[in-house]
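Below is one structure. I have some questions about it.
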There are 2 protein chains.
Amino acid sequence: MRLTTKGRYAVTAMLDLAIHAQSGPVSLNDISGRQGISLSYLEQLFAKLRRGGLVASVRGPGGGYRLSRDSSEINVAEVVDAVNESMDATRCHRRGDCQDGEECLTHHLWLELSDQIHAFLHGITLAQLIQRKEIRSTADRQDSIARNRIDAVLSTDDVTG
Amino acid sequence: MRLTTKGRYAVTAMLDLAIHAQSGPVSLNDISGRQGISLSYLEQLFAKLRRGGLVASVRGPGGGYRLSRDSSEINVAEVVDAVNESMDATRCHRRGDCQDGEECLTHHLWLELSDQIHAFLHGITLAQLIQRKEIRSTADRQDSIARNRIDAVLSTDDVTG
DNA sequence: GTATATCCGACTATTTCAGTCAACTTTAGA
DNA sequence: TCTAAAGTTGACTGAAATAGTCGGATATAC
């Protein structure tokens with residue numbers, strides 16, 4: 001079982017997508033800027049999210065990604081799953097053949113832990129998350145920082161180099 | 001966050017220790033035979049469990065390890081912790097400085113997940129586990145296999161090589 | 001003093017993570 | 001039609017962790 005940056009980034013990016021859904025497709029560049037995730041890495045993650053049927057892409061200028069379902073129909077467990085981070089705590093992938101074809105001493109324990117985690121993540125949808133006030137305020141902060149960055153670029157003479 | 005063989009082995013070994021506690025110190029060789037864990041690897045794990053204050057060692061022939069507390073006073077979370085497998089799901093180790101010193105969009109989500117997992121593992125003691133019938137029957141099976149193995153060795157002419 | 005045990009440090013093959021880089025295709029708009 | 005913005009794909013990489021192995025040292029019951 002593991003939950004690393006990969007799975008966390010995937011959920012963060014999907015949440016960003018859900019939050020900014022009303023203004024058309026969202027480019028990975030925008031997500032990268034707001035969430036501080038490298039563009040190249042986002043490309044990898046979204047390839048998996050697309051294969052997993054969670055997002056749809058729009059190519060060309062003005063393009064980006066959209067959720068392929070309503071945010072109320074996508075739960076966190078699916079997102080983590082799509083990027084191949086298994087929340088399964090057993091060694092045998094629930095088969096019960098962990099030790100010489102039989103259950104190991106702790107098989108049931110890890111099975112129960114897996115069920116706990118899955119129930120928790122499966123019960124939370126993107127729609128529910130974007131209702132939360134701490135997430136709304138974090139998103140607002142990120143949006144204003146992004147706007148400031150754009151303003152700064154526009155108002156500055158381009159004297160790079 | 002990760003739960004791998006290391007943490008699972010640690011809990012399995014501690015459970016084996018708890019089950020066979022009444023017959024004096026348990027050698028790593030016995031645990032290795034019953035649980036199918038390499039002796040050298042067990043040595044590594046028990047070094048950490050000892051440093052973590054969970055077991056005490058008895059050196060010399062007839063020696064081995066004992067639980068340093070009653071099995072009802074040791075919970076699964078402690079064991080996993082002792083071998084350095086963090087069940088913390090946040091990136092920032094709960095500090096809330098995940099993105100440029102501020103909370104990332106998903107900070108609270110992972111905080112809640114961490115709390116769920118910790119509550120679950122903290123609530124289960126070794127004493128509770130060894131009461132469970134599926135664990136008792138697995139342990140019985142392992143014991144009888146171990147006895148058969150000893151019998152086989154004793155009754156066979158040593159014609160190795 | 002020898003066999004049985006823990007102790008300890010160094011070593012290693014493999015895998016994954018987290019990310020970079022380069023090249024390619026699609027497409028909106030000037 | 002040209003160009004720039006976007007997604008698409010595959011190869012690559014440094015660092016870290018996993019899951020061990022190996023050799024030897026130390027302690028101790030008999």
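When reading the values below, keep in mind they use all heavy atoms of this one structure, side chains included, and skip hydrogens, waters and symmetry mates. Keep in mind that what you see is a predicted model, and the values were worked out from it rather than measured. Every chain is numbered from 1, with letters handed out A, B, ... down the list of sequences.
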To the nearest 0.5 Å, tell me how far A:S57 OG sits from A:L49 CG.
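It is 12.0 Å, given to the nearest 0.5 Å.
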Which of residues 32-55 of chain A have a heavy atom under 4.0 Å from DNA chain C?
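Per residue number, the list reads A:S38, A:S40, A:Y41, A:Q44.
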Taking atom C1' of D:dA16 as reference, at what distance in whole Å does atom CD of B:E85 sit?
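So the CD-C1' distance, B:E85 to D:dA16, works out to 14 Å.
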Output yes when B:R141 and B:E134 qualify as a salt bridge under the 4.0 Å nitrogen-oxygen rule, no when they do not.
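Answer for the salt bridge query: no.
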Can you tell me how far the NE2 atom of B:H93 sits from the OG atom of B:S86, to the nearest 0.5 Å?
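The NE2 atom of B:H93 sits 6.5 Å away from the OG atom of B:S86.
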Under-3.5 Å donor-acceptor pair between B:R59 side chain and C:dT6 base:
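Such a pair is found, so the answer is yes.
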Can you tell me how far apart OH (A:Y9) and CD (A:Q35) are? Round to the nearest 0.5 Å.
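The OH atom of A:Y9 sits 10.0 Å away from the CD atom of A:Q35.
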Please give me every residue in residues 18-29 of chain A whose heavy atoms get under 4.0 Å of an atom in DNA chain C, ordered by residue number.
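None, since no heavy atom is under 4.0 Å.
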Salt-bridge test for B:R94 and B:E103: reply yes if a basic N is under 4.0 Å from a carboxylate O, no otherwise.
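Looking at B:E103 together with B:R94, the answer is no, because their closest N to O distance does not fall below 4.0 Å.
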Tell me the interatomic distance from B:R66, atom CZ, to C:dA5, atom C1', rounded to whole angstroms.
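Taking atom C1' of C:dA5 as the reference, CZ of B:R66 is at 14 Å.
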As an exercise, state the distance from CH2 of B:W110 to OG1 of A:T12, rounded to the nearest 0.5 Å.
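If we round to the nearest 0.5 Å, B:W110:CH2 and A:T12:OG1 are 7.0 Å apart.
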For the atom pair NZ (B:K133) and NE2 (A:H108), what is the distance rounded to the nearest 0.5 Å?
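Going from the NZ atom of B:K133 to the NE2 atom of A:H108 covers 8.5 Å.
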Any side-chain donor-acceptor pair under 3.5 Å between B:T4 and B:E85?
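Present: a donor and an acceptor within the cut-off.
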Which one, C:dG19, C:dT6, D:dT8, comes nearest to the side chain of A:Y65?
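The listed nucleotide nearest to A:Y65's side chain is D:dT8.
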5'-most contact on DNA chain C: B:V58 or A:G62, nearest heavy atom basis?
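In this pair, the answer is B:V58.
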Write down the distance between CG (A:D30) and P (D:dA6), rounded to a whole number of angstrom.
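Computing the A:D30:CG to D:dA6:P distance gives 7 Å.
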Roughly how far apart are B:L129 CG and B:R136 CZ, rounded to 0.5 Å?
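Taking CG in B:L129 and CZ in B:R136, the distance rounds to 12.0 Å.
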Mind listing the residues from residues 4-11 of chain B sitting with a heavy atom below 4.0 Å of DNA chain D? Number order is fine.
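The answer is B:T4, B:T5, B:K6, B:Y9.
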Give the cluster check for B:L105 versus A:L67: same hydrophobic cluster or not, with ILVMFWY residues linked at side-chain heavy-atom distances below 4.5 Å.
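B:L105 clusters together with A:L67.
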Rounded to the Å, how far apart are A:R91 CZ and D:dA19 C1'?
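Rounding to the nearest Å, CZ of A:R91 and C1' of D:dA19 are 9 Å apart.
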Using a strict threshold of under 4.0 Å (side-chain N to carboxylate O), is an ion pair present between B:R69 and B:E78?
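Yes, charged N to carboxylate O under 4.0 Å.
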